[in-house]
Structure formats: structure tokens, C-alpha cells
*Asks:* 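This is the structure I have questions about; it appears just below.
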Amino acid sequence: MQSEVSAPPRVNGGFLVFVAVVCAAIFAVNYARYGFAQDTFLWTIRTVVKQAFLFFTLSYIASPLHQWFPTRVSAFLMRHRATTGAAFAVSQLTAGACATTIWLNWPEIIHAISQPVERVLGVMVFVWIFIMLITSHRAAIDLLGRRLWSGIHTYGMIVIWIAYLLDYGRRTIEWSPYYGIFTGALLVILLLRGGLLLRRIVAPSSPARL
Ligand code: HEM
């Protein structure tokens with residue numbers, strides 16, 4: 001019989017609705033302050049991306065943390081990693097909707113902060129996040145096959161990690177050391193996951209699972 005931690009994770013739909021309501025509330029507060037203006041969308045992005053980042057970190061750190069330092073907290077994160085992953089996607093896609101609105105109404109803002117190639121890659125990452133969200137259930141695993149499903153989700157998380165590192169890394173260097181909190185969290189994940197990979201190379205019989 002599978003333990004609760006090793007059982008395939010399930011997404012808690014109620015929690016996802018709660019996260020969507022929080023995103024809508026953040027937008028509503030900004031709309032009440034600024035109306036239909038760029039600041040509404042910029043401040044919503046700045047807030048919901050941080051929320052997305054928190055959920056991403058909780059989801060992506062769960063497995064390596066549990067393998068290196070198994071505690072009740074790591075077991076809890078393991079059990080709920082599919083839910084935190086989906087909560088990340090809902091929050092980040094809310095930011096994507098705000099970015100699209102800015103792009104359509106005030107394109108000069110998007111042109112000022114990104115190069116064309118970054119915009120193409122950014123849109124591709126959003127599409128990938130959307131695919132990950134709509135395939136976050138058992139029926140999708142059965143439909144796609146475990147190999148394809150695992151590929152989409154495993155490489156998706158790596159791509160998102162890189163996208164965050166590029167954005168927060170640049171902000172840490174060019175804007176403020178405060179963004180180092182986010183860059184630091186990404187490097188901790190890298191350390192834990194890289195360590196597991198190394199352990200698996202050095203001792204192939206170890207039970208490491210990424
Ligand atoms: C074409 C696609 C994208 C567009 C148009 C876009 C647009 C924006 C805009 C307008 C901001 C606010 C800038 C400001 O603070 O003044 C922002 C912030 C940010 N975006 Fe994107 N973005 C895109 C894709 C992505 C992707 C794929 C990720 C990562 C998964 C990402 C991560 C971030 C982060 C980390 C911030 C900083 C949030 C903070 O203040 O903490 N973006 N983006």
C-alpha cells in the first residue's frame with residue numbers, strides 16, 4: 001500500500017478557487033485605487049507574481065526537502081505539492097492576463113522592459129504553465145501516458161525556475177538587493193535538487209527521485 005507521501009498527489013479544487021478569489025480581490029483593490037489605468041495592472045502583477053513564486057517554491061522544494069530532511073513539514077508539502085503547483089499556475093496566469101492587458105493598451109511599457117525574443121519566450125512559458133494546469137489531474141496522466149505527462153511537468157518546472165531566475169536575478173543585480181530573497185530561494189532549490197542528482201550519480205542505488 002502506498003504511504004500518503006508517496007501516493008500520487010491530487011489537486012485540492014477548493015483551495016484553487018480560494019487562490020483565484022484572492023487574485024481577483026488583489027485586482028479589485030488595485031482597480032478601486034487607480035481605475036482602468038496601468039498602475040492597476042502593474043501593482044496586481046507585482047503582488048500576484050510574489051504569491052505565485054511562493055507557491056512555486058513550496059511545490060518545487062517539497063520533494064528534495066523531504067528526501068534530504070524528512071520532517072512533518074516536508075511530508076505536508078509533499079502531500080500538497082500538486083495543489084501548491086496548481087496554485088502557482090493560477091496566480092501566474094492572473095499576472096499573465098494583466099500583462100496582456102498592459103501589452104494591448106500601453107504597449108510602450110512592455111517594449112521598455114523586454115526584448116522581442118524575451119516576449120516570445122515569455123508567451124511560450126505562459127502557454128506551458130497553462131498546459132501544466134489543465135493536465136494537473138489523474139485523467140490527464142492516463143490520457144497522455146506517464147512518460148509524456150512527466151516530461152511536460154518535469155521540464156516545465158525547470159523552465160519556470162529559469163524564467164524566475166532570469167527575472168529576479170536581473171532585478172537583484174540592477175534594481176535592489178531586496179530581490180535577492182527570491183534569487184536566494186531559487187538557488188536553495190538548485191542546491192537541494194543538484195545535490196540529489198549528484199547523489200544519484202555517485203551512488204546509483206540511492207532512492208533519490210527528482
Ligand atoms: C511575454 C510575457 C510576459 C510579459 C509581457 C510580462 C510582463 C511583466 C510586467 C509588465 C511586469 C511588471 C514590471 C514592473 O514591476 O514594473 C512583470 C513582472 C514580473 N514578471 Fe513578467 N511578463 C511576462 C512573462 C513572465 C514569465 C513567463 C515569468 C516567470 C514565470 C515572469 C516573471 C515575472 C517576475 C518574477 C516579475 C517581477 C514581479 C515582482 O515585482 O516581484 N514574467 N512582468
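For ligands, and for the atoms within them, numbers begin at 1 and follow the listed sequence.
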*Asks:* Would a line drawn from the ring center of Tyr178 to the ring center of Tyr168 be shorter than 6.0 Å?
*Replies:* no

*Asks:* Any luck finding a side-chain donor-acceptor pair between Glu174 and Tyr179 under 3.5 Å?
*Replies:* no

*Asks:* When you check the side-chain N and O atoms of Gln67 and Ser63, is any donor under 3.5 Å from an acceptor?
*Replies:* yes

*Asks:* In order of chain and number, which residues sit within 4.0 Å of ligand 1 by heavy atom?
*Replies:* Leu42, Ile45, Arg46, Val49, Lys50, Gln92, Ala99, Trp103, Ile110, Ile113, Arg119, Gly122, Val123, Val125, Phe126, Ala163, Tyr164, Asp167, Tyr168, Arg171, Tyr179

*Asks:* So, taking the atom named CD in Gln38 and the one named OG1 in Thr101, what distance separates them when rounded to the nearest 0.5 Å?
*Replies:* 12.5 Å

*Asks:* Taking Leu121 as the starting point, is it possible to reach Met157 by hopping between hydrophobic residues whose side chains are less than 4.5 Å apart?
*Replies:* no

*Asks:* Determine, step by step, whether Ile160 and Tyr60 satisfy the side-chain contact (heavy atoms from CB on, under 4.5 Å) criterion, reporting the C-alpha distance in whole Å, the side-chain angles of both residues, the deciding distance to 0.1 Å, and the verdict.
*Replies:* CA-CA 10 Å; Ile160 294 158; Tyr60 207 30; over 6 Å; no

